[in-house]
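Report on one structure; see the data block that follows.
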Amino acid sequence: RTHSAAIRNCWIAETGEQQGTDAAIVLADETCQGIQVSRNLIHDIPGSGIILQGDENRCERNRLHHLGLERGEGAGIVVLGGGEASPSLVRGNVIADPGGFRRLSATRYAFPAGMSGIAVLDGTGTVVSENALLRCPRAAIQLAGDKHVVENNLLVGGGRSHLEIGLAAGLGIRRNVVLSQSRQTAWIRGDQLDRKLAAVDANLLWG
């Protein structure tokens, strides 16, 4: 069990071929708790930037750009798991130009197309706050799980959507600033949103 460790002030770049590694920094399983990942610079790598698993982890003030040079999916920061009593925090990060491939036909791919800025894919109560997410080709933020809070973020770019909502409930989306550079970019993308969104308040949308 890994508890209360810290990964700080690292520079991870140009790591070469993927060779089975999903991200530059990976909290390996759900037993990780209270890990701090802060002030790291991560860029020009084949997969995602940071993957968080477990409870009460903090991912703050990291700078990530030009990710997903070999992977089709992923995100700058991926959050897996976490409980309502001890949720994780993703705050004050800057993520720009993640890549990722999307298959168009048997021999054609679009790039950049497959990656998001931040993907919260499971768990309860994760807080995504005060991040700047720039030019994310899939979505600035992907959400699945329960009672996550997305607030005070800056979302800039022209991907498929700014927010992509999957299997979720009780989400709070508040006080975000959203700048669209394309009329094709959706503000929020997903089905049955009235059942998944508990609050969508005081967001500024600018085209």
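Keep in mind the model is a prediction, meaning the values are calculated, not measured. Heavy-atom basis, side chains included; hydrogens, waters and symmetry copies ignored.
Contact of the Glu30 side chain with the Leu80 side chain is not registered, since no non-hydrogen atoms from C-beta on lie closer than 4.5 Å. The shortest distance between side-chain heavy atoms of Asn93 and Ile77 falls below 4.5 Å. Within the 4.5 Å cutoff, no side-chain heavy atoms of Leu64 are placed close to those of Val94. Side chains of Ile141 and Leu133 form a contact here, defined as non-hydrogen atoms less than 4.5 Å apart.
If you take CG on Leu134 and CD on Gln181, they are separated by 9.0 Å, rounding to the nearest 0.5 Å. Separating the CZ atom in Arg58 from the CG atom in Leu52 is a distance of 12.0 Å, to the nearest 0.5 Å. Taking CD1 of Ile51 as the reference point, atom SG of Cys59 lies at 11.5 Å (rounded to 0.5 Å). Atom CE of Met115 is separated from atom CD1 of Ile95 by 9.5 Å, given to the nearest 0.5 angstrom. In this structure, the separation between CD1 on Ile7 and CG on Asn9 is 12.0 Å, given to the nearest 0.5 Å. Note that CZ of Arg175 is 10.5 Å distant from CG of Asn153, once rounded to the nearest 0.5 Å.
The backbone N or O of Val37 lies less than 3.5 Å from a partner atom in the side chain of Asn62, making a donor-acceptor pair. With Asp55 contributing its side chain and Gln33 its backbone, the two residues share no donor-acceptor pair below 3.5 Å. A side-chain donor-acceptor contact under 3.5 Å links Ser48 to the backbone of Ala75. With Asn40 contributing its side chain and Cys10 its backbone, the two residues share a donor-acceptor pair below 3.5 Å.
Linking ILVMFWY side-chain heavy atoms closer than 4.5 Å, directly or via other members, places Ile25 and Leu121 in two distinct hydrophobic clusters. Hydrophobic clustering (side-chain heavy atoms under 4.5 Å, transitive across Ile, Leu, Val, Met, Phe, Trp, Tyr) groups Val177 together with Leu179. One hydrophobic cluster holds both Val128 and Leu197 under the rule that ILVMFWY side chains link at heavy-atom gaps under 4.5 Å. With hydrophobic clusters built from ILVMFWY side chains whose heavy atoms lie under 4.5 angstrom apart, Val79 does not share a cluster with Val149. Residues Ile118 and Leu41 fall into different hydrophobic clusters, defined by Ile, Leu, Val, Met, Phe, Trp and Tyr side chains chained together at heavy-atom separations under 4.5 Å.
Within the structure, salt bridge (Lys or Arg N to Asp or Glu O under 4.0 Å) pairs that include any residue of residues 158-171 comprise Arg138-Glu164, Glu164-Arg189 (at least two apart or interchain). Listed by first then second residue, pairs satisfying salt bridge (Lys or Arg N to Asp or Glu O under 4.0 Å) with a partner in residues 39-52 number zero, not counting sequence neighbours. Counting only residues at least two apart or on different chains, the side-chain hydrogen bond (donor to acceptor under 3.5 Å, both in side chains) pairs with a member in residues 198-207 are Asn176-Asn203.
Closest approach of His162 to Thr185, counting heavy atoms only: NE2-CG2, 3.5 Å. The heavy-atom pair separating Gly190 from Leu193 by the smallest distance is O-CG, 3.7 Å. Between Asn57 and Gly34 the shortest heavy-atom distance is OD1-N, 3.3 Å. The two atoms that bring Pro112 and Pro137 nearest to each other are O-CB, 3.5 Å, heavy atoms only. When every heavy atom of Ile42 is checked against every heavy atom of Leu67, the shortest pair comes out as O-CD2, 4.0 Å. Of all non-hydrogen atoms in Gly166 and Lys196, the two that sit nearest each other are O-NZ, 2.8 Å.
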- Task: Might you work through the side-chain contact (heavy atoms from CB on, under 4.5 Å) test for Asn152 and Arg91, ending with a clear yes or no?
- Result: CA-CA 10 Å; Asn152 302 322; Arg91 180 175 64 186; over 6 Å; no
- Taking it one step at a time, do Leu171 and Ile165 satisfy side-chain contact (heavy atoms from CB on, under 4.5 Å)? CA-CA 9 Å; Leu171 305 177; Ile165 311 299; 3.8 Å; yes
For a quick test of your reading: what N or O donor-acceptor pairs under 3.5 Å do the side chains of residues 97-105 make, sequence neighbours left out?
| unit_1 | atom_1 | unit_2 | atom_2 | d |
| --- | --- | --- | --- | --- |
| Asp97 | OD1 | Arg135 | NE | 2.8 |
| Asp97 | OD2 | Arg135 | NE | 3.4 |
| Asp97 | OD2 | Arg135 | NH2 | 2.9 |
| Arg103 | NE | Ser105 | O | 3.1 |
| Ser105 | OG | Arg108 | N | 3.3 |

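Each of Leu163, Val156, Leu155, Leu204 was evaluated against Val178; a single residue qualifies, Leu155, per the side-chain contact (heavy atoms from CB on, under 4.5 Å) test. Across Val120, Thr126, Ile188, a single residue satisfies side-chain contact (heavy atoms from CB on, under 4.5 Å) together with Leu143, and that is Val120.
Every residue two or more places apart in sequence or in another chain that forms a side chain to side chain contact (heavy atoms under 4.5 Å, CB included) with Ala13 is listed here: Trp11, His43. The side chain to side chain donor-acceptor pair (under 3.5 Å) test applied to Ser116 returns Gln142, not counting sequence neighbours.
Heavy atoms of other residues, nucleotides or ligands lying less than 6.0 angstrom from CZ of Arg61 number 12 at most. Few gaps surround CD on Glu60; more than 12 heavy atoms of other groups in view lie less than 6.0 Å from it. Atom CG of Leu167 has 12 or fewer neighbouring heavy atoms from other residues, nucleotides or ligands inside a 6.0 Å radius.
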